[in-house]
Amino acid sequence: MSGARRPGPMRLGPQPGEEIDRKRPFTFRWNGDSVPAFDGDTIASALAASGLRVFSRSYKYHRPRGLLTANFHDPGCFFQVGDEPNVRGAHRLAEPAMDVRAQNTWPSLGFDVKAVNQLAGRFLGPGFYYKTFIKPQRLWPLYERVLQRFVHAGQVSPDTPRTAVDKRFAHPDVLVAGGGPAGMATAVAAAQAGARVMLVEEEYRLGGHLRWGGEADLAALAELRDQVAATPGIEVLTNAVVAGRYDGNWTAVVRRDLPGGAEQLIKARAKVLVVAPGLIERPYVFAGNDVPGVMLSTAVRRLIRLHAVKPGERAVVLTANADGDAAVADLVQAGVDVARVLDARAGQGIVRVRGHGVGQHWGVRAVEAADGTTTECDLLVTATGWTAPAALLSMAGDRPAYDPRAARFFPRHLPDDVLATGGIAGDGSHEELIAHAGAVGREAARRAARIRRERQAAVPTRAQANGAERSGDDAGPTAIPELPVDAHPELFRASTHGIVDFCEDVSSKDIFSAVREGYDSIELAKRYTTATMGPTQGKIELVNAIAAAAEATGQSIGETGTTTWRPPYAPVTLGALAGRPLEPVRYSPMQPWHEAHHARPLIAGAWIRPDHYGDPAAEVRNVRSKVGIIDVTPIGKLDLRGPDVPRLLNLVYVNKWSKLGLGRVRYGVMCAEDGVVFDDGVTGRLGPEHYLMSTTSSGAAAVWEWLENVLQTMHPDWAVHVTPVTTAYASMNVAGPASRDLLLRVTEGVDLANETFGYMEVRTGRIAGVDGCVLWRIGFTGELSYELHVPAGYGLHVWETLMDRGADLGVAPFGVEAQRILRLEKGHLIVGQDTDGLTRGFSAGLDWAIKLDKDDFLGKPELAWQHDAAPGMQLVGLQPEDGSVVPPEASQIVDGPRIAGRITSSRMSPTLGRSICLGQVSASLAAPGTLVTVRLPGGRLIGARVTEHLAHVDPEGSRMRV
Amino acid sequence: MSEPVSRSPIAPAPPVRVEAGWEVSGGRSEAALTITDCTPLAKVHLRAPWNGAMAKALGVPFGRASREGGGAYSASQDGPEGVWLVVGSGPGEWLVLAPPGVAAAVTDWLATVAADAAGDEFVSMTDLTHGRALVRVTGPDAADLLARLCGADLHDDMAPDGAALRSAVAGVATDIVRDDQAAVPSYLLHCERSSGQYLFGALVSAGESFGIGVDGFRLPGI
């Protein structure tokens, strides 16, 4: 195929209403050959104009396939375009220099070795994978490789750069799905009634079937388009599809008009959804119905009228309706020799199509009619009926009803916020359909206005006396005229078997076979044969599949029913669903300093924290000998105010809080109502009715919720206000023997002497010139240490000042890893690390903290029970006998064949020069000095001895009380 | 020891200068859609009974924001240091936004009002100046930009000028206050501080297709 710039041999002269621009010709490549096209051509129309008949090979049997519907749903037009697979070639517009290739063929479209599958047809029947390729089992890897080779459907390169497309939220009053005449009339009427309308059309232009109609249709089209353009309040989205309708009219709209095949997902919460999808023409089932050259009447009319393409030279037409009749007229006008017209309304029919040719020249040769005659031709056009695309209505809860008189399904029961109009609702003249659509539009606007008023009354964001009130006073339901329903012959299958699902290569014979095997409901037959499970998702094959199943079972179509439509209605790229990755990240005010000093980042939930600065062991040694500073900003902090704060603390903590003095700090543990350790931290009293609570970093949100739950549901009478201030403060822990010396250089208004500011006390003062700082004398590391909470905006300033002023003291930063080692050396547990979802208070070494003599606290009943019951698991300190072995955390502790515990924390201690651990063990093994057995991953067993204290370093705590 | 300078969680675009003790961007944008880091604003959080005397005194109900208020005490008339915006953030919860550096004065004034008008009620104030990142998005396309990242209905009939709501923007819990500037749609958005850089970045990225420009902070800022 060459001749780059000549119009193709099947290109017609100008057609009224054509959508190609003959002043803008270009070429693109098809399997390496140059193909001429005009702006406005689809890939398939340009190929058809060039004389191409075979566009693809079918999925399973690799049968040559031509154009069938010549629109988005055409099953014979899936192409690879550049790096984009599965492009709908009968919908996608051709572009200059496009590189289009056939898919699923090898080595070429014309000569496809995979067509050998047809010879293996009896082994590839419905459900073949349940019956074949099972034994011998050792050949499975081979089966997989072979089947993968034959199932290939396009390629995506992982190296192609992708751009994320933001999703969009929308709140239309009325969303109209379908931009044909009914959809346009609905949108105009709704907007004129004051509604905010979103009109969504799958094709590139509004108009539906009017686009390829006659003179009167084109005039009506122009009028409707002008009305849409002139009516304010209508957002028009073409080349877009309503992909799903969910509860509350949450609707997924997918825009396809972005460059490079990208799509955008619009999440539209519509007050009212109007479904106006028109009707989809249905193929006829007969032998040879997938031979290239068999087309639907709407396909030939689109090719001729929209793209000026002659669909063939000599045609036979099987018609059962006015659209088929109109196709005959169009064919004649296009110069096609219409050799025979078979009128199904008069009882005429066809039996089979015979093809001829080889490879990409395979196509229709002749049509055998039901009266026994044979007509030679290269084109068979069928117009045998319509399918209502009821997917969105089904998603709204409707189960459509079959009308045998009209030979199609109709909506039955729709919720109050969903309406239907156009062909899916009935038939009638253009004027009748427009009148119906207009009434539906006005009714949709009325219902939307009512919903809007209800929502406006419910939200507090509108001032009492202002806020634009839009029209739509409820004057009662709009009268919607009934649409007539035209009779149509029930035509599904000729006397021969043919393809039902063109995408999946499922024939009517396959469906009969499935029913014979016991899959005798449409849902079972669907899944067994895969009919309707391909890319077209039932749009052109569902009713034929139902009819075949009905014929096989002897039931009526109505009795057989339909399958269930589920979103998405049309294929959606994963890129559209993903949109822009939204992965919130949280940073401390000191993050720029950490980055500048090469901290290795640790991802801790949404936080980025410094894990270490190159040598965690050195950081530990520096804290033990000099002074270190760690950024602990993520620690949860809650500001508590009110006279009833002590009552709240007593309720949520296991220990006593009534007598916490001003300037004092206490460690507290929270247990849930099942006694399981929930969180821990310190709370300090800053003022008579002002406290600051700290929580674990990961528990900050959960503890806030916990406290609010108590205050809002259990004790709404308590006067307590809880305000999260986790990130209002930049928090840093200054730890080590020289920490006081360092703080003396930068602190004003606080006497740091041990006698006046002792361990577990809190002060407020000025640090590095910053007022409003909170200083806790607490420690997680076991050294003299101060936790500073600085108004966050000054965090970096204070940090830099400390680093600067402490240089001669040997100040150095330490990260989370060093802190974990330091706290493990001190035996401090980490909730969630040394405890789990079953660890109750008395199993966590917290006996000293739990005050069962308190009146009440959360978890008390369970803890009291645990206290009186036989001891369960215990948290203990452990030291492996071989101090060079560091058991991985979660290593099992075994007692013979029995699992008796696990290692919860484990590190090499720089201070002791040996490995140290915490672990949960059975009570029988918890006595100090007990030798337990640890099973390492890989099975090796080592011994570890239970220590007397949880702390491995300074168990008396003398270093932090200096 | 150097003079303390306060920093927003949002890195300022150059040129960088110091305004009212805060490191801010001195940049200017003439774009139709702009985003400004307003984190330096004073922010005082007030809690009081949602239907009590303090609420009545302020006169700003839940879901609305006002410079004038509607109660017996008007922040703009009676409060010190210039124009303030009182936001009804939640039932029984208000946030007062004021120029940088006046949080203490705002707190004192609120305490005076509370003592005068609501002596028996449990009222508390917390300075959240450093606890919230705050940006302003202004321009005719401001709502369309927010529609890329936020599912709330921001049409005029649901969220007119003066509306205050709490939603999720780019996956972060964010308070949104519509505060039009000279009849141009404008939204204040604030979230907990540590997510500020992320939120700002998400708004700028989503705003690229609208030609968003980053504008510097200028006093009084509210």
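Please read these numbers as outputs of a predicted model, since none were measured by experiment. Below, chains carry the letters A, B, ... as their sequence lines are ordered, and counting in each starts from 1.
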Using non-hydrogen atoms only, which part of [X] is less than 4.5 Å away from chain A: side chain, backbone, both, or neither?
X	result
B:L149	both
B:P9	neither
B:A65	neither
B:A48	backbone
B:S195	both

Between [options], who has the most heavy-atom pairs with chain A when the cutoff is under 4.5 Å?
options	answer
B:A147, B:A163, B:A133	B:A147
B:A202, B:S205, B:G21, B:A164	B:S205
B:M158, B:R132, B:H155	B:H155
B:G151, B:P4, B:G63	B:P4
B:P40, B:G171, B:A170	B:A170
B:G196, B:S209, B:C150	B:C150

**Asked** Taking everything shown except A:E708 itself, do over 12 heavy atoms lie less than 6.0 Å from its CD?
**Response** yes

**Request:** Tell me, yes or no, whether the heavy-atom count around A:D717 atom CG, taken from other residues, nucleotides or ligands under 6.0 Å, exceeds 12.
**Result:** yes

With a 4.5 angstrom heavy-atom cut-off, could you sort out which part of [X] is near chain B: side chain, backbone, both or neither?
X	answer
A:R455	both
A:V165	neither
A:P724	backbone

**Prompt:** Which one, A:Y794, A:Y587, A:W607, leads in non-hydrogen pairs under 4.5 Å with chain B?
**Reply:** A:Y794

[X]/[Y] ion pair, N-O < 4.0 Å:
X	Y	result
A:R168	A:E235	yes
B:R166	B:E93	yes
B:D180	B:R178	yes

